[in-house]
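To keep things clear, I will list the structure first and then write my remarks on it.
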Amino acid sequence: MSGPGSVPRGAGLPTGPRRSARLGAAAAGPPGLVAGGAGRLPALIAGAVAAVVVAAALAPGWLAPFDPLAIDPSAAFQAPSPAHWLGTDESGRDLLSRVIHGARDSLLIGAAATGVGLALALLLGVPAGLGAGGGRAGRWLDFGIGRVLEVLFALPGLLLALVFIALAGPGVATSVVAVGLGTAPGYARLIRTQVAVLRSSPMIEAAVVLGRPRGTILWRHLLPNALAPVLVLATLGLGQAVVWASALSFLGLGAPPPAPEWGSMLSAGRTYLGIAWWMTVFPGLAVVAVAASSTVLGRALSRRAAGL
């Protein structure tokens, strides 16, 4: 008989078809040689798409063939052609140039909104995590912040952003804060959990025993380790922030026309969807490309961080 703490013989060894399959995979070679190329292909494609979008955001003037705001009524509603690869809009503006220049506005809004969300999450998550294992006052602080996060979670993120814009008024800066406010609760809950776990870890206890100042422990040991998984999650959240910012601009609550912002371009193109489909399709594809690439890259980073 085996004791309660012992491991049955052969428990860790696969049997039957599973064992044969594993032995066959081992004989074929290392996993990286068998499926690693196929597994890395989506991440490589996503990385290439992200590189193109970042290049368009950093140097739109080098890539765009025309001025995105130049009006030419005689060239209005031209379909995609060698002269205008993505066609023109109702004012004769080159759509390719507007999509390229729109990468800067859309990415800046998405990145700024993600930064705002992380900053708000730090303000809520760190005190809650520190107070979770502390005294009575710390537990009350954790309880109060937890209730605030529950109220924020009760509202969908985009609805929370719309409520904020209704109170503060439309605009680019308001959209950045609104989207950041909508994404902050998820980041805050993760930060709170990470801080609460790390607070009682051997690493932090050793730093306390060595007499390190509390500020040093917080900034050099606790926060860097607590933020590592959050930054991976923020890569996923960047695509969501771009989608939300584009949605707000589509509703007329973000970047005003004629700014070459993807959501604003989608809003303008819906009026002419029957006669100029390209005005809607190509800005929409740009939003989808950014969201999909950030999602794939974020998942790849999370798997790498987990050691899978």
- OG1-CG distance between T114 and L231, expressed to the nearest 0.5 angstrom: 11.0 Å
- Within a strict 4.5 Å, meaning less than it, do heavy atoms of the I204 and R199 side chains meet? no
- Message: Has W262 got a side-chain atom pairing as donor or acceptor with V99's backbone, closer than 3.5 angstrom?
- Response: yes
- Query: Among all residues two or more places apart in sequence or in another chain, which pass the side-chain contact (heavy atoms from CB on, under 4.5 Å) test with A259?
  - Reply: A255
- First locate atom CD of Q240, then atom CG of L233, and finally report the distance between them rounded to the nearest 0.5 Å. 9.0 Å
- Task: Mind checking the CG-CD1 spacing from L198 to I191? Nearest 0.5 Å is all I need.
- Result: 12.0 Å
- Task: Evaluate whether atom CH2 of W140 has more than 12 neighbouring non-hydrogen atoms of other residues, nucleotides or ligands under 6.0 angstrom away.
- Result: no
- Note on the structure: Applying ring-ring contact (aromatic ring centres under 6.0 Å, His included) to F153 and not counting sequence neighbours gives none
- Task: Following the transitive rule for hydrophobic clusters with a side-chain heavy-atom cut-off under 4.5 Å over Ile, Leu, Val, Met, Phe, Trp and Tyr, establish whether L297 and L238 coincide in one cluster.
- Result: no
- Distance from L86 atom CG to S97 atom OG, nearest 0.5 Å? 9.0 Å
- Contact list for residues 147-168, test side chain to side chain donor-acceptor pair (under 3.5 Å), sequence neighbours left out: R147-E150
- Query: Between S106 and A103, is there a donor-acceptor pair closer than 3.5 Å when you use the side chain of the first and the backbone of the second?
  - Reply: no
- Item | Same apolar cluster (I L V M F W Y, side chains within < 4.5 Å links), V242/L108 | no
- Check: S249 side chain, G263 main-chain N or O, donor-acceptor pair, under 3.5 Å: no
- Message: Using a 6.0 Å distance limit plus a 45 degree cone around the ring axis, check whether R98 lies over the aromatic ring of F282.
- Response: no
- Item | Inter-residue atom distance R192.CZ - I145.CD1, 0.5 Å rounding | 9.5 Å
- Message: Keeping T174 on the side-chain end and G169 on the backbone end, is there a donor-acceptor pair under 3.5 Å?
- Response: yes
- Query: Are D89 and S91 close enough that a side-chain donor and a side-chain acceptor fall under 3.5 Å?
  - Reply: no
- Is a side-chain donor or acceptor of S264 paired with a backbone partner of P260 at a separation under 3.5 angstrom? no
- Item | Minimum side-chain heavy-atom gap V296-V49 below 4.5 Å | no
- Query: Are I165 and V116 joined in one hydrophobic group, where the rule is that I, L, V, M, F, W and Y side chains link up if heavy atoms are under 4.5 Å apart?
  - Reply: no
- Query: Do V209 and M203 share a hydrophobic cluster (ILVMFWY, side-chain heavy atoms under 4.5 Å, transitive)?
  - Reply: no
- Message: If we ignore hydrogens and angles and just use 3.5 Å, is the side chain of T88 paired with the main-chain N or O of F77 as donor and acceptor?
- Response: yes
